[in-house]
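Since the structure is predicted, the reported quantities are computational estimates derived from the model, not experimental observations.
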Amino acid sequence: MARRLRPVGPDFVERAPLRLVFAREVSAPPEAVFRALAEDVSGWSEWFSAVTLARPADGGGGREVRLRGGTRFEETVLVSEAPEVYSYRADVTNAPGLRALVEEWRLTPAAKGTRVQWTFAADGTAVFRAALTLGRSGLGRAFRDAVKALDRRLASTST
């Protein structure tokens, strides 16, 4: 059953009860990574294996996302500042125990491309927070695999 989450703003990334931060360097420039994140929303399922469907909603001000296993999100884009920051808030989900969620992708130039930092900021029941803390390594692996696949995808489209 889908339910509405607590509406939070971009500052939730810094004050959330549970913050998981992952970073990886890729060879693609920040502009290309930003375009893949913010402008090619439907392309997410091509490089992020957990995503089975992603599409823009509300004229680009939102997103609809479905994950493997059946989890669904209706999201609002909070920040879209090319080529540095892209963040969104989950407004509606069927994920049990989740109360609030903001994901932020921060891009900074690096020696050979871009440093991609993903912050998963959440609030939920004690059981949800414990499960997410235990699942941190799996979420980190999913991030690393996704960013690696995104970098390969961007390299193949730039040649």
Side-chain angles (χ1 to χ4, degrees), residues 1-3 5 13 16 18-58 60 62-80 82-98 100-108 110 112-124 127-159:
M1 171 185 291
R3 60 196 161 58
L5 301 180
V13 167
L18 180 61
R19 295 177 68 246
L20 303 177
V21 181
F22 307 97
R24 184 171 180 95
E25 202 168 302
V26 297
S27 60
E31 295 80 9
V33 177
F34 185 85
R35 278 192 303 275
L37 292 171
E39 297 170 17
D40 185 20
V41 173
S42 59
W44 279 56
S45 62
E46 300 295 318
W47 56 269
F48 206 129
S49 66
V51 176
T52 61
L53 175 127
R55 61 180 163 211
D58 299 326
R63 303 165 11 126
E64 177 187 346
V65 176
R66 293 184 186 175
L67 304 179
R68 276 187 301 159
T71 303
R72 298 183 315 273
F73 295 97
E74 292 175 21
E75 301 169 338
T76 297
V77 175
L78 298 173
V79 180
S80 184
E84 299 165 354
V85 182
Y86 182 63
S87 71
Y88 43 88
R89 169 188 68 221
D91 295 315
V92 176
T93 187
N94 63 344
L98 182 59
L101 172 66
V102 171
E103 295 180 47
E104 177 189 79
W105 297 78
R106 189 163 291 275
L107 311 174
T108 53
K112 295 183 181 181
T114 305
R115 180 179 187 270
V116 178
Q117 178 179 294
W118 178 47
T119 302
F120 187 93
D123 187 17
V127 170
F128 173 83
R129 289 193 314 266
L132 202 53
T133 300
L134 289 171
R136 184 186 204 301
S137 64
L139 203 54
R141 186 170 40 259
F143 166 76
R144 286 188 305 276
D145 292 348
V147 171
K148 185 176 176 182
L150 174 60
D151 199 32
R152 279 193 311 267
R153 177 181 167 93
L154 293 174
S156 72
T157 59
S158 70
T159 56

Problem - Leu53 CG to Arg68 CZ distance, which is reported to the nearest 0.5 Å - result: 14.5 Å
Problem - With Val41 via side-chain contact (heavy atoms from CB on, under 4.5 Å) - residues at least two apart - result: Ala54, Pro56, Arg63, Tyr86
Problem - Euclidean distance, Asn94 CG relative to Arg66 CZ, rounded to 0.5 Å - result: 9.5 Å
Completion exercise
Distance col, row Leu101:CG vs Thr93:OG1, nearest 0.5 angstrom, shows 8.0 Å
Handout entry: side chain to side chain donor-acceptor pair (under 3.5 Å) partners for Glu103, two or more places apart
Key = Tyr88, Trp118
Exercise for the section: Using modelled atom types only, decide if a donor and an acceptor are shared between the side chain of Thr114 and the backbone of Val116 within a distance under 3.5 Å. Expected result: no
Practice task
Taking the side chain as every heavy atom from C-beta outward, state whether Leu107 and Val85 have any pair of such atoms under 4.5 Å apart.
Solution key: no
Practice task
May I have all residue pairs that pass salt bridge (charged side-chain N to carboxylate O under 4.0 Å, His left out) and include part of residues 127-139, sequence neighbours excluded?
Solution key: Asp123-Arg129
Practice task
Check the pair Arg106, Glu104 against salt bridge (Lys or Arg N to Asp or Glu O under 4.0 Å), reporting the backbone distance first and the verdict last.
Solution key: CA-CA 6 Å; Arg106 189 163 291 275; Glu104 177 189 79; 3.1 Å; yes
Handout entry: Euclidean distance, Asp145 CG relative to Leu150 CG, rounded to 0.5 Å
Key = 12.5 Å
Practice task
May I ask you to test the Val77-Ser80 pair for a side-chain heavy-atom distance under 4.5 Å?
Solution key: yes
Completion exercise
Taken to the nearest 0.5 Å, the spacing of Leu139 CG from Leu20 CG works out to 6.0 Å
Handout entry: Trp44 (side chain) donor-acceptor with Leu37 (main chain) under 3.5 angstrom
Key = yes
Problem - side chain to side chain donor-acceptor pair (under 3.5 Å) pairs, two or more places apart, involving residues 20-31 - result: Ser27-Asp151
Practice task
Considering non-hydrogen atoms only, spot the tightest contact between Ala16 and Ala121 and give its length.
Solution key: CB-CB, 3.6 Å
Practice task
Anything under 30° is parallel, anything over 60° is perpendicular, the rest tilted; go ahead and classify Trp105 against Trp47.
Solution key: perpendicular
Handout entry: Phe128 vs Thr133 side-chain heavy atoms within contact, under 4.5 Å
Key = no
Completion exercise
dist Leu67:CG -> Ser45:OG (nearest 0.5 Å) comes out at 11.5 Å
Handout entry: Note, Val92 side chain near Arg3 side chain (heavy atom, < 4.5 Å)
Key = no
Practice task
Could you name each residue pair satisfying salt bridge (charged side-chain N to carboxylate O under 4.0 Å, His left out) that touches residues 35-51, not counting sequence neighbours?
Solution key: Asp40-Arg153
Handout entry: Non-hydrogen atoms of Ala90 and Glu75 that approach each other most closely
Key = CA-CG, 4.1 Å
Exercise for the section: Provide the full list of salt bridge (charged side-chain N to carboxylate O under 4.0 Å, His left out) pairs with a residue in residues 83-92, sequence neighbours left out, each pair given once. Expected result: Arg89-Asp91
